[in-house]
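Reviewing the structure listed below.
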Amino acid sequence: MIDLHTLRENPKEIFELLERRGVSRDSLEDLVQADRQVRSLFSKRDALRAKINDLSKEVGKAYRDKNSELAQAHIDASKSAGVELELLSQQALEAEHKRNALWMVIPNIPDPKAPIGSSEQENLVVRYWHPENGYSTVLPEVEYSGYKKVAHWDIGIELDILDFARAAKLSGSMFPMFKGSGARMLRALTSFALDQHTDEFLEIRPPSFVRRETMISTGHLPKFADDAYQIEADDLWAIPTAEVPLTSMARDEILEDGDLPIKMTAATPCYRREAGSAGRDTRGLLRLHEFDKVELMVYAKPDHYRETFDEILRRAEDILQKLGLYYRVLDLCTGDLGASARRTFDLEVFAPGVERWLEVSSVSWFGDYQARRANIRYRNAIDQQIYHVHTLNGSALAWPRVFAAILENFRDYDGSVEIPKVLVPYMGGLDRILPISGGVAKD
RNA sequence: GGAGAGGUGCCAGAGUGGUCGAAUGGGGCUCACUGCUAAUGAGUUGACCCGGGAAACUGGGUCCGAGGGUUCAAAUCCCUCCCUCUCCGCCA
């Protein structure tokens, strides 16, 4: 949620910034209006409550003075005020619901530096990185031999490390099954990434199923209920990302200034129904109902969000560089930004087999938007005041797409796939996965 | 899964219908005393919402696990849910 105080006091600037992401001026005016209404009704209600409180105290006093006549008079007065209170409370709550409904749907105020645009077409490519040429700001010329232009689902079957048919038998489409060296490589990726991050980030293994309230506090419910898996008997929900448990860890807490920033990393499975994209990318590892991901999450002081943001992005990139994958960094435009984010950088890896850029990470700064919703605050050591923290997170990284990119990028003419050097120690020394029979090498 | 006990402020812990935002102790902070530390004494010490004020501060409301109810009045009575602890059963 955005800060209503700021909206009241400085509407112009907020209007302008929110307009960049398509929020209409009217919806903001409506919110301001509804908020005014709420405050006026609540102050009337509170005044009436004060009156009843006073009367009730008088009743007690009258009884102590053994003046039951006076007591009765106060009771009568209080009773009739009570009837009025009922009505006012009702109105106040209705007004509040109305305001909250308007409030909840207002997305976060974008970073003034976020590129302005209306759709993903206008996302800005900040830089490219290629294992041979390093960084560049223009698209590097990269040629792929024919034997690299094989889709990972074919490679996976050729190497006998992916088994989509059996996975579908068990669970339906868009559930993966990794086998042998494939299963091990997935484990290697997780171990490698966690080992990279735990120098600064506390390793967490949170629950994979959370209560409804937890999903609500990160905004995944009620709006996106169709995208989540629910275990009905217990009303538990499968987490779509580790961001859900990690953000809720400090829910309703006041953190100590000295404890910030709190940096955490977690490897978890992620579950998504992908209801909105039925039929898209049903083949291979591009879009799955279940996948593993290593996440970075930070609670930071508002003044220090920038360095944290840079650090998360740097770490996510670092993993890709160490794996030797060709990727690009996108600065998401205001129209493509997620509702809670102020600024987001996406990392996309190039997969030559499917000839696509695959989003493998999304690094976001949420300002105090999530913290306000989840009520996560800290006491500032300097002025002793309580403020909301800033939350930031980044996937580092989503494995199936990285897995796909590794298969497609490191396939050789003989159909074998070279394992990235950094993973070899985690693979028990295995540095290459060989096809089970001849292979389907092109060229 | 069965039986029982319990959830109160930063912590411990009192409080069974009105004078309770809440005793008492500990901790924290401030001041005094002290060469330093320790000890001692005095004071102070919650969050949220709305209003007034430049600010210090101040008026009102809410909060005693959560949500409902009874009542003029609820930490206190009733209902539902959540959580914790103990014992038994079961289990990786």
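Below, chain A is the first sequence line, B the second, and so on; all start at residue 1.
Taking a pair to require two hydrogen-bonding distances under 3.5 Å in either a Watson-Crick or a G-U wobble arrangement, B/rC91 remains unpaired. Nucleotide B/rC33: unpaired (no Watson-Crick or G-U wobble partner with both distances less than 3.5 Å). Pairing for B/rU19 is absent, with no Watson-Crick or G-U wobble pair whose two atom distances lie under 3.5 Å. Look at B/rG4: its Watson-Crick or wobble partner, with both distances under 3.5 angstrom, is B/rC85. Applying the Watson-Crick and G-U wobble criteria (two distances, each under 3.5 Å), B/rG46 pairs with B/rC63. The partner of B/rU24, taking Watson-Crick or G-U wobble pairs whose two distances both stay under 3.5 Å, is B/rA12. The base-pairing partner of B/rA73, taking Watson-Crick or G-U wobble contacts with both distances under 3.5 Å, does not exist among the strands shown. B/rA39 makes up no base pair with any nucleotide shown, lacking Watson-Crick or G-U wobble contacts both under 3.5 Å.
Note on A/R377: a side-chain N or O is less than 4.0 Å away from OP1 or OP2 of B/rC48. Note on A/R211: a side-chain N or O is less than 4.0 Å away from OP1 or OP2 of B/rC83. Listed pair A/R379 / B/rA47 meets the phosphate criterion, a side-chain N or O lying under 4.0 Å from OP1 or OP2. Contact annotation: A/H388 side-chain N/O to B/rA47 OP1/OP2 distance is not under 4.0 Å.
Nucleotides B/rG18 and B/rC78 have their P atoms positioned 16 Å apart, rounded to a whole Å. The gap from the C1' atom of B/rC50 to that of B/rA14 amounts to 34 Å, rounded to the nearest Å. Taking atom P in both B/rA5 and B/rU62, one finds a spacing of 33 Å when rounded to whole Å. Rounded to whole Å, the separation between the P atoms of B/rU76 and B/rG17 comes to 11 Å. For B/rA66 and B/rC82, the P atoms lie 15 Å apart once the distance is rounded to whole Å. Taking atom C1' on both nucleotides, B/rU70 is separated from B/rU84 by 29 Å, rounded to a whole Å. Across the P atoms, B/rU37 and B/rC31 are found 13 Å apart, a figure rounded to whole Å. The P atoms of B/rU24 and B/rU44 are separated by 12 Å, rounded to the nearest whole Å.
The closest side-chain donor-acceptor pair between A/R411 and A/N409, if any, does not fall under 3.5 angstrom. In this model, no donor atom of one side chain and acceptor atom of the other lie less than 3.5 Å apart for A/N380 and A/Q385.
Of the possible donor and acceptor atoms, none in the side chain of A/S416 sits under 3.5 Å from a partner among the backbone N and O of A/I433. Panel note: side chain A/S78, backbone A/H74; no donor-acceptor pair is recorded below 3.5 Å.
Residues A/L85 and A/R49 are in side-chain contact: their nearest non-hydrogen atoms beyond the backbone lie under 4.5 Å apart. Side-chain contact between A/V105 and A/S27 is absent, with no heavy atoms from C-beta onward closer than 4.5 Å.
RNA chain B is contacted by A/Y63, A/R64, A/I75, A/S78, A/K79 of residues 61-97 of chain A, taking any non-hydrogen atom closer than 4.0 Å. Sorted by residue number, the members of residues 52-59 of chain A with any non-hydrogen atom under 4.0 Å from RNA chain B read A/N53, A/S56, A/V59.
Residue pairs that meet the ring-ring contact (aromatic ring centres under 6.0 Å, His included) test with at least one member in residues 225-274 of chain A, sequence neighbours left out, are A/Y229-A/H289.
One atom, CD of A/E256, and another, C1' of B/rG28, lie 11 Å apart when rounded to the nearest Å. B/rC82 atom P lies 19 Å from atom CG of A/D252, rounded to whole Å. Going from atom CG of A/D235 over to atom P of B/rC83 covers 12 Å, rounded to whole Å. Residue A/D35 contributes atom CG, which lies 8 Å from atom P of B/rC50 at whole-angstrom precision. The distance from atom CG of A/D234 to atom P of B/rC81 is 14 Å, rounded to the nearest whole Å. A/F42 has its CZ atom 15 Å from the C1' atom of B/rG51, to the nearest Å. One atom, CD1 of A/I216, and another, C1' of B/rG67, lie 14 Å apart when rounded to the nearest Å. Here the C1' atom of nucleotide B/rC49 and the CG atom of A/N375 are 13 Å apart, to the nearest Å.
Partner of A/F403 under the ring-ring contact (aromatic ring centres under 6.0 Å, His included) criterion, chosen from A/F291, A/F410, A/F178, A/W153: A/F178.
For the residue pair A/L17 and A/P112, the shortest heavy atom distance occurs at CD2-CA, 4.0 Å.
Between A/W365 and A/F309, the ring-plane angle classifies as tilted under the 30° and 60° cut-offs.
Salt bridge status for A/R372 with A/D368: present, with a side-chain N to carboxylate O gap under 4.0 Å.
Using a 4.0 Å heavy-atom cutoff across all strands shown, A/A50 reaches sugar-phosphate atoms only and no base atom. Using a 4.0 Å heavy-atom distance criterion, A/R8 is classed as a sugar-phosphate-only contact.
Residue order along RNA chain B, read from the 5' end via each residue's closest nucleotide, puts A/I386 first among A/R39 and A/I386.
Atoms CG and CG, from A/D65 and A/L70 in turn, are 8.0 Å apart once rounded to the nearest 0.5 Å.
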